[in-house]
Amino acid sequence: MKKPIVTLTTDFGNKDPYVACMKGVILSICPEATIIDITHDISKFDIEEAAYILYRAYSFFPPGTIHVCVVDPGVGTERKPIAIKTRRYIFVGPDNGVLTIAAEDDGIEDIRVIESRYVMLSEVSYTFHGRDIFAPAAAWIALGYPLEMLGRSIDRIDVVKFDKPQISGGKVIGRIIYVDSYGNLVTNIKWDLIKDRVTFGEKVRLYYMGNEVSIPLSRSYGEVPLGELVLIPGSGGFMEISVNMGNASEKLGLKKGDQIYMEINR
Amino acid sequence: MKKPIVTLTTDFGNKDPYVACMKGVILSICPEATIIDITHDISKFDIEEAAYILYRAYSFFPPGTIHVCVVDPGVGTERKPIAIKTRRYIFVGPDNGVLTIAAEDDGIEDIRVIESRYVMLSEVSYTFHGRDIFAPAAAWIALGYPLEMLGRSIDRIDVVKFDKPQISGGKVIGRIIYVDSYGNLVTNIKWDLIKDRVTFGEKVRLYYMGNEVSIPLSRSYGEVPLGELVLIPGSGGFMEISVNMGNASEKLGLKKGDQIYMEINR
Amino acid sequence: MKKPIVTLTTDFGNKDPYVACMKGVILSICPEATIIDITHDISKFDIEEAAYILYRAYSFFPPGTIHVCVVDPGVGTERKPIAIKTRRYIFVGPDNGVLTIAAEDDGIEDIRVIESRYVMLSEVSYTFHGRDIFAPAAAWIALGYPLEMLGRSIDRIDVVKFDKPQISGGKVIGRIIYVDSYGNLVTNIKWDLIKDRVTFGEKVRLYYMGNEVSIPLSRSYGEVPLGELVLIPGSGGFMEISVNMGNASEKLGLKKGDQIYMEINR
């Protein structure tokens, strides 16, 4: 059997003992598992941010990887713990939308509510399902426990969707969906959506918060002088606004959620 | 042989090269070891905090796990490096109390001073025993090096103890022993101590810093409205004061070490 | 075959999905790899800091370890991706100096430009060579892909050098090259350079920013009272200015890059 890989994405931070508890539970059930942290620094309770980060990372892992995501403000209430089988992966987490973007991107094949007491710790707390339900369920799946035995199958799950950008005439109306630690502004505008209408080297007009600025469209940061704005097809497929060796979020005063317009001439 | 697991708990942070040095040393001696970070974000020199976090996490790991904890303000002075065999685990670290709460909880069977030069790096610095003594000793233990050969056995170790809460009449006097990254206030009051005297749904009167407030006792955060205080038997067995989707530490102005009273009617 | 170890040193931080993407790529190509984080908290674009941290950590890993370092402000421009074979290790990263100090310390034997499309992801972005070139190249090397097949060999690489301290008479002129998370001030003055001219217990005169202070030379922090300055041969071989249980950087107002003088009597 191939060595199973389990990834973890949470808003637990790296100081508290919570992540370690989950890892201890996983290794107690499935000592062969390789556990990889995607991140534990999701903004507290920010389901959309977690959904984005999981979406950006999930597909680079080997097929069969079990992705566990626990950003779970409703822990202990009636929201359901679920496991989703997609074309190549298994996703485990609360049914609050956190898994949806990645799972739909890969192609959902089966959704199960995690109900089997067999895959939970013997005492399930009301406040830490990461440790008591999601970690052990992921570990049992890693060991080969069949998904169908987790619980009943369901058809619909909670969704989080990125706003789709709107195009009308030469205008693309979008939104900042993520600001990374460099200050790069990731928009919801896919490169594929505009690539036939723009040329590298041309300047694109950006409107934001009552301001406007012209930004050269480039492939890499270094094609503009130090400290200058640049518009780039980011490594995740979305258009990103960046500053060469600088912080675009600080320079423009833009943050997650803010709306932007771009003017494309063709 | 089962693959050995070594956990690390330190106040080294995640930027400096110190944790990586320890991991390199462990893998050089015992390439089969699985190394798991509990945390490296213990507040600098905070032995009590490290003891608490280790206590919260240790028991979720498989029996045989070697728990290394290096929060070591006295490094290079006469405080002793020790290894403790408990009922199910091995603990390795300085004899300054950092290991005591977890080790006593599991049941101490043997305590050894780490004296054997064989399990240390050939040159031992005066400032980095994590790398030069604790990491290699843990790795040799992981390889099967017998504990008795580490050095002389001792009977007593340094202790850190959580204050025990006091109960008199309907009053429980306790203390905040940890504030987690959500702002949850973990008290030293065990759920077991009060559970026969309270009922879920009732309101408990909390006195702190000259203020008082009534807080509903609940099983999960979501049972109170957003932003409201809630008193919960936490996942670690201690009573915790929380805010649904909010930060109790900020809301009440309470921090680690602060005293609180609770009034229980029965 | 021994289980290959791949270490990662980046300025990506721990929140963004970038590190996880690299790990997913590595495990997709080489599932047997053990991946160890050195750090992802290098100050953004700080090549010198990354070079220092890699230098401090690299030699504690088992021979054969593949050290990947991605601090890469010039990503997507003409700077070359390289792999360096040294006496005991392989280093992989951009040719911007980040690998040089560690690689030269171990002894460079072969330098290759990574040109083979075979070891890159099928689509190489212009902004994320960590994921598209460095991670897969490291994974292929871990699998046994011969270094000579990566690309042409080159003789010279970009360098970052720590300033050498100057000694004249009883004066040593040095510089702070790193401030760790404890506030310890790591200087570029090697212990070996001065150890024959000083005695433990004596006071060394330190001049900085127009101030002066006498600091006892000690082996360990605990040899001076709490809160007092102490000069120590650090665990990395450089002289460090520290405060017992305190923060020397805050106490003296010194930071990375600042110049210092020491007066040594003999």
Side-chain angles (χ1 to χ4, degrees), chain A residues 3 6 8 10-37 39-47 70-79 94 96 121-136 139 181, chain B residues 2-5 7-9 11 13-14 34-43 49-50 52-65 67 89 102 178-184 186 191 200 218-224 226 230 232-237 240 242 244-247:
Chain A
K3 254 184 77 167
V6 178
L8 303 179
T10 77
D11 61 353
F12 295 168
N14 289 296
K15 174 169 179 177
D16 297 333
Y18 309 138
V19 173
C21 290
M22 287 184 67
K23 293 182 180 176
V25 167
I26 291 169
L27 291 173
S28 295
I29 294 168
C30 180
E32 286 307 302
T34 296
I35 305 172
I36 300 287
D37 301 304
T39 184
H40 301 291
D41 290 337
I42 299 293
S43 305
K44 298 296 184 202
F45 314 126
D46 193 332
I47 291 169
V70 189
V71 175
D72 194 11
V75 60
T77 63
E78 76 295 336
R79 71 93 194 86
N96 61 13
L121 293 202
S122 53
E123 275 187 77
V124 173
S125 72
Y126 287 84
T127 55
F128 194 2
H129 288 185
R131 179 192 68 191
D132 303 340
I133 297 180
F134 299 121
S181 61
Chain B
K2 270 207 314 195
K3 253 184 77 167
I5 298 171
T7 78
L8 303 180
T9 304
D11 62 353
N14 288 297
T34 296
I35 304 172
I36 301 286
D37 301 304
I38 291 185
T39 184
H40 301 291
D41 290 337
I42 299 292
S43 305
E49 185 178 276
Y52 169 74
I53 287 181
L54 183 59
Y55 166 70
R56 279 296 307 271
Y58 87 96
S59 65
F60 292 96
F61 285 85
T65 294
H67 293 295
Y89 301 101
Y178 188 68
V179 181
D180 77 10
S181 61
Y182 295 85
N184 295 318
V186 183
W191 171 233
F200 284 110
S218 300
R219 285 191 182 83
S220 65
Y221 310 118
E223 291 173 35
V224 300
L226 290 190
V230 58
I232 283 187
S235 57
E240 300 186 13
S242 302
N244 185 18
M245 298 280 285
N247 187 306

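Numbered from 1 within each chain, the chains take letters A, B, ... in sequence-line order. Since the model is a prediction, treat every value here as computed from it, not as a measurement.
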Between the SG atom in A:Cys21 and the OH atom in B:Tyr58, the distance rounded to the nearest 0.5 Å is 11.5 Å
So, the part of A:Ser28 with a heavy atom under 4.5 Å from chain B: the answer is both
If one checks every heavy atom of A:Arg131 against chain B at 4.5 Å, the contacting part turns out to be side chain
Between the CZ atom in B:Phe60 and the CE atom in A:Met22, the distance rounded to the nearest 0.5 Å is 12.0 Å
Turns out that what part of B:Ile232 lies under 4.5 Å from chain A's heavy atoms comes down to side chain
Value for CD (A:Glu78) from OG (B:Ser220), rounded to nearest 0.5 Å, stands at 9.5 Å
Rounded to the nearest 0.5 angstrom, the CG-OG1 distance for A:Leu27 and B:Thr65 is 7.5 Å
The single option from A:Lys15, A:Lys44, A:His40 that satisfies side chain to side chain donor-acceptor pair (under 3.5 Å) with B:Ser181 is A:Lys44
When every non-hydrogen atom of A:Thr127 is compared with those of B:Gly234, the smallest separation belongs to OG1-C, 4.4 Å
When the 4.5 angstrom heavy-atom criterion is applied to A:Tyr18 and chain B, the contacting part is side chain
Bottom line for B:Asn247: the part with an atom under 4.5 Å from chain A's heavy atoms is neither
So, the part of B:Ile53 with a heavy atom under 4.5 Å from chain A: the answer is both
Using side chain to side chain donor-acceptor pair (under 3.5 Å), reason through A:Asp16 and B:Tyr182 one step at a time and then give a plain yes or no.
CA-CA 9 Å; A:Asp16 297 333; B:Tyr182 295 85; over 6 Å; no
Bottom line for A:Asp132: the part with an atom under 4.5 Å from chain B's heavy atoms is neither
Okay, A:Pro73 and chain B: the region with an atom under 4.5 Å from a heavy atom over there is both
So, the part of A:Leu121 with a heavy atom under 4.5 Å from chain B: the answer is side chain
Turns out that what part of B:Leu54 lies under 4.5 Å from chain A's heavy atoms comes down to neither
Greatest number of non-hydrogen atom pairs under 4.5 angstrom with chain A, of B:Arg56, B:Glu49, B:Glu223, B:Arg219, falls to B:Arg219
Under 4.5 Å to a heavy atom of chain A? For B:Tyr178 that would be side chain
Honestly, the part of A:Val25 sitting under 4.5 Å from a heavy atom of chain B is both
Comparing B:Ser59, B:Pro233, B:Pro62 against chain A, the one with the most heavy-atom pairs below 4.5 Å turns out to be B:Pro62
